[in-house]
Colleague: 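Below is a structure I'd like to ask you about.
Start at 1 and go down the list; that is how both ligands and their atoms are numbered. Below, each value reflects all heavy atoms present in this structure, side chains not excepted, and no hydrogens, waters or symmetry copies. All values derive from a computational prediction rather than experimental measurement. Residue numbers count from 1 along this sequence.
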Amino acid sequence: MVTTRFAPSPTGHLHIGGLRTALYSYLHARAKGGKFLLRIEDTDIERNSKEALDGILEAFKWVGLEYDKPMLFQSQRTGIYQQYAQKLLDSKHAYYCYLTKEELADMRLQNKGSNHANCSRKYRDFTGEIPKDITPCVRIKAPLEGVIDFDDGVKGKISFQASELDDFVILRSDGTPTYNFVVAIDDALSGITDIIRGDDHISNTPKQLLVYKALGFDIPRFYHIPMICNEQGKKLSKRDGALSVLEYRDNGVLPEALLNFLFKLGYGHGDKEIFSLQEMIECFDPHRINSNPSGCNFSKLYWLNAEYIKAMDNERLMQILNVEILDSMSYEQKNILLDELKTRVNELVSMRHAIKQIIHAPLPYEGEDIEKSQQACYDISLYRKLFVEENKAVLEQALSQFVDKLNSITLDINNIKAIIQEYANTLTIKPSVFMQALRLGLLGQKGGIDLGACLCILDKDESIKRIQTLIEFAKRN
Ligand code: GLU
């Protein structure tokens, strides 16, 4: 049975690198019918925050990566770590160390240039008199020679000289356990068989291996995955478009698109681009994670997002969009609107914005900040271009006759396009000029959704009202 885990420290937002690690751990567990656990590494009291923890859990909920219970909090397990430190003391794999901070600093200074790993070993096999009034810390006995190595599932064999390791502290003098000690204990006690994590943790692995060996625990398989970089191979930053997981949500990215993007970023699987979570599970093998850093191009994320939006069922899309104004529309109108917009956006924020701009009548004047406002304003340069002196009277008349036409027909998405076209063809001005004027009246702008769809979405009364507003505007200007 495979058991994996994701072990975030609640000191900040969950970033995409973390989410990718979690995703790979999740996929591996689910592919093998195993367990995926979440462990909160909250031993750094000063840097932890409740807000960060809530954010991490909310991000997990949003992306839908379900973890198995129980979720562990390291801060609640100090007693367990202390018991295991005692075991190591009893079995002579660890010892009390009475070095003061000052002594340690002095020793390190004196040993500068030589192997400093030995500096801390004064009390390792100490037989002299133990200093009074000093509360000791507990150090583990690291091997004095040889090699500590492990087969990394992504990077291959990784070796460390024992001389690179010191007898590191496992329990501080105040009784609190240290990082590498608790990670190894928790992984072992939770039965973690496969550890997938960032390669910034490689240097921690030999220390954790020492704990495993000293306590006789089974050693898990390790997969250290390279960091996500920008396209230039440098550390990702905000400037590259890197955001926290929840910021992607707030920017209108769908969770399935983000997971798909992260899956492909660092996992070779041919040219296929779109993967459902189930498909990811079916093909995942942690040995196939790329061992080189992955260059991140966020335009790919938005391309994927557009694909997911396009393919999404309208019911679900409506739920996610959560735009109140849609409630006032008929089922058919909503579907026409969403079908129109789905192919035109690559994230949901602009989709919400576009919905509002279609549903709210355009303001019959030139606006300043059209981008931000819910209501579009007339594109005045378009108006001037269309309503030139020689066309003005014909256009006004054509629009008003089109209102009569609208009054006489039943709006139907299947034939409205043809009706507009036929009508435009009967005019003495170019059909395209009429169409653009109609668009100006309905939406205030050039471009946007199909005119026939727009008429159906708005319905007759609202469409007529908008066209009449344009006619009146033309009379005044
Ligand atoms: N808490 C560590 C981190 O947030 C992860 C430790 C691990 O995966 O072993 O980077």
Side-chain angles (χ1 to χ4, degrees), residues 2-29 34-60 63 65 67-68 71-78 81 84 148 150 152-155 158 160 168 170 176-212 215 217-228 235-236 242 244-246 262 266 286 289 293:
V2 162
T3 305
T4 64
R5 53 41 162 202
F6 178 59
S9 307
T11 51
H13 298 295
L14 179 62
H15 283 277
I16 51 168
L19 180 60
R20 187 183 60 160
T21 306
L23 173 66
Y24 289 171
S25 305
Y26 169 91
L27 294 176
H28 185 38
K35 280 190 182 164
F36 167 63
L37 303 174
L38 195 58
R39 178 173 77 229
I40 305 300
E41 304 212 315
D42 55 350
T43 46
D44 189 343
I45 307 289
E46 273 167 27
R47 292 178 58 227
N48 286 335
S49 83
K50 162 100 173 59
E51 197 193 338
L53 173 63
D54 291 347
I56 292 168
L57 298 181
E58 196 180 333
F60 261 80
V63 295
L65 290 186
Y67 43 89
D68 294 292
M71 173 163 61
L72 295 190
F73 289 83
Q74 287 185 329
S75 60
Q76 297 168 2
R77 295 165 59 79
T78 308
Y81 308 131
Y84 278 91
I148 300 164
F150 62 99
D152 191 278
V154 175
K155 308 233 173 203
I158 299 183
F160 294 85
F168 64 92
I170 55 172
T176 57
T178 57
Y179 176 73
N180 285 303
F181 184 54
V182 299
V183 168
I185 304 264
D186 283 340
D187 282 333
L189 295 187
S190 309
I192 304 298
T193 58
D194 295 68
I195 294 179
I196 301 176
R197 63 184 173 197
D199 63 5
D200 50 334
H201 287 283
I202 287 185
S203 60
N204 290 324
T205 313
K207 294 187 175 185
Q208 295 170 13
L209 287 173
L210 288 190
V211 178
Y212 276 94
L215 285 165
F217 290 141
D218 288 342
I219 293 179
R221 289 177 284 269
F222 290 95
Y223 305 85
H224 285 98
I225 62 178
M227 300 284 108
I228 301 176
K235 194 170 180 266
L236 260 189
S244 75
V245 170
L246 290 178
L262 294 175
I289 297 171

Colleague: Aromatic contact between F222 and F150, with the criterion being ring centroids under 6.0 Å apart: yes or no?
Modeller: yes

Colleague: Just go through H201, R197, R39 and tell me whose heavy atom is the nearest to atom 3 (C) of ligand 1.
Modeller: H201

Colleague: State if Y179 counts as touching ligand 1 under the rule of any non-hydrogen atom under 4.0 Å.
Modeller: yes

Colleague: For a 4.5 angstrom cut-off between non-hydrogen side-chain atoms, does K155 reach Y223?
Modeller: no

Colleague: Are V154 and H224 side-chain neighbours, meaning at least one heavy-atom pair lies under 4.5 Å?
Modeller: no

Colleague: R5 near ligand 1, heavy-atom distance under 4.0 Å?
Modeller: yes

Colleague: Please identify which of these residues, I185, T176, I170, meets the side-chain contact (heavy atoms from CB on, under 4.5 Å) condition with Y81.
Modeller: I185

Colleague: To check your reading of the model: name the closest protein heavy atom to atom 5 (C) of ligand 1, its residue, and the distance in Å.
Modeller: A7 O, 3.3 Å

Colleague: I need the atoms of ligand 1 closer than 4.0 Å to a non-hydrogen atom of E41, numbered in the order shown.
Modeller: 1 (N), 2 (C), 5 (C), 6 (C)

Colleague: Look at atom 4 (O) of ligand 1 and say which protein heavy atom is nearest, naming residue and atom and giving the distance to 0.1 Å.
Modeller: S9 OG, 3.3 Å

Colleague: Rounded to the nearest 0.5 Å, how far apart are OG of S49 and CD1 of I45?
Modeller: 12.0 Å

